[in-house]
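Single-structure report; data block below.
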2 protein chains.
Amino acid sequence: MFSKSCEYGIRAMIYIAGESLKERRVSLKDIAQDIDSPVAFTAKILQQLSRNNLVDSVKGPTGGFEIQPGRMKKISLGAIVKAIDGDGIFKTCGLGLKECSEKRPCPVHNQFKSIRENLCRMLDETSVFELSQGLKDGSTFLRHK
Amino acid sequence: MFSKSCEYGIRAMIYIAGESLKERRVSLKDIAQDIDSPVAFTAKILQQLSRNNLVDSVKGPTGGFEIQPGRMKKISLGAIVKAIDGDGIFKTCGLGLKECSEKRPCPVHNQFKSIRENLCRMLDETSVFELSQGLKDGSTFLRHK
DNA sequence: ATATATTAAGACCTTTTTATCCTTTATTAG
DNA sequence: CTAATAAAGGATAAAAAGGTCTTAATATAT
């Protein structure tokens, strides 16, 4: 569904949001540790998210990553996916055709349509804030035991 | 969503089905040409589909690929996807967690659940026969103009 | 000011996916 | 039986994704 980068990116964002709500800025090391992702690779992904203004980064001692509580309700899953994987999943033909539209649909165009609409709506409506709540109340998890 | 292999595989199956309904056995060359895919790569994918008994192959002059009309109503999109990409898309955690279940869900587990259910149902219920009909009546297409 | 902690950036390596090419095997027509 | 045709299979190559490492830039505390 998503690339590995995107999976790590989403996990990182949810984690950072959760910590930011506790007024804690988190370091790369903490993030990688707590979401069980490769450190250096996660750094790259965070750079990308930072450049897209989805997360704030601060250098130096006591530095790290954080998300303004105000912003995290406005950041959707879809925005993260778009920043990392691009908008292919929102638009591209399910069978990889260059030319696929209502006017010249591929054989699975209509079958995929409603599924994609549901997916897009969900990605768009689900905020990082919302997802961080499950972590907080212990009902969801970002890594194995 | 799917790998390139899987996209070509699905396109090839729909094409072969359509031709088989006209009692035409098709060669690799014809397939690659008509679905606009790389010939040698398509050959590999067809081997895979053939080993999985999703398509019949015949060697030698007048040989090629075909699907028994009786079988093509029983072959679902999902069976093709499973043969080529495995069943990851049906099962794997959306955030790539090893451990993700109802008992220990990832933060997006519930959001993804209904979407995945819809996708699985669609893949399972849509047959190659059905998809070949659109081609036949000219309402769908397997390649660009 | 300096030493230290931390992210940013770019070069590099590894694995997987995508794709090609060549040889072998099977089948058919003549 | 032979020549020709077509898929099967294996080796190889190229491109993309996944991942590491080293150095630079920046901020903090003392």
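Convention: sequence-line order gives letters A, B, ...; per-chain numbering from 1. The model shown is predicted, which means the values in this text are computed figures rather than measured ones.
- The CG-C1' distance, from D85(A) to dA16(D), rounds to 13 Å in whole Å.
- For the pair I45(A) CD1 and dT20(D) C1', the computed distance is 13 Å after rounding to whole Å.
- We find that CZ of F65(A) is positioned 13 Å from C1' of dT26(D), with the value rounded to whole Å.
- Taking atom CD1 of residue I84(B) and atom C1' of nucleotide dT17(C), one finds them 14 Å apart after rounding to whole Å.
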Quiz item: Could you run down nucleotides 19-30 of chain C 5' to 3' and tag each one B, S or - for protein heavy-atom contact under 4.0 Å?
Solution: BBB---BBBB--

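- In this structure, R143(A) contributes its side chain and E99(B) its backbone to no donor-acceptor pair below 3.5 Å.
- Shown here are the salt bridge (charged side-chain N to carboxylate O under 4.0 Å, His left out) partners of K103(B), two or more places apart in sequence or in another chain: there are none.
- Taken residue by residue, residues 47-55 of chain A places no heavy atom nearer than 4.0 Å to DNA chain D.
- Rounding to the nearest 0.5 Å gives a distance of 5.0 Å between CG of L77(B) and CD1 of I10(B).
- The hydrophobic cluster containing L119(A) does not contain L123(B), counting ILVMFWY residues as joined when their side-chain heavy atoms lie under 4.5 angstrom apart, directly or transitively.
- The main-chain N or O of L95(A) is found under 3.5 Å from a side-chain atom of R11(B) such that the two form a donor-acceptor pair.
- Between R11(A) atom CZ and dG18(D) atom P there is a gap of 13 Å when expressed in whole angstrom units.
- Between D56(B) atom CG and dA7(D) atom P the separation is 13 Å, expressed in whole Å.
- Put simply, CD1 on I31(B) is 7 Å from P on dA7(D), counting in whole angstrom units.
- Each side chain to side chain donor-acceptor pair (under 3.5 Å) pair with one or both residues in residues 83-94 of chain B, not counting sequence neighbours, appears once here: S3(B)-D85(B), D87(B)-K91(B).
- Contacts of E102(B) classified as salt bridge (charged side-chain N to carboxylate O under 4.0 Å, His left out), with partners at least two apart in sequence or in another chain: K113(B).
- Taking atom CD of residue Q33(A) and atom P of nucleotide dT6(C), one finds them 14 Å apart after rounding to whole Å.
- Pairs passing the side chain to side chain donor-acceptor pair (under 3.5 Å) check and including a residue from residues 47-56 of chain B, sequence neighbours excluded, read Q47(B)-R51(B), D56(B)-Q68(B).
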Quiz item: Could you go step by step and tell me if T140(A) and H109(B) meet the side chain to side chain contact (heavy atoms under 4.5 Å, CB included) rule?
Solution: CA-CA 8 Å; T140(A) 64; H109(B) 190 84; over 6 Å; no

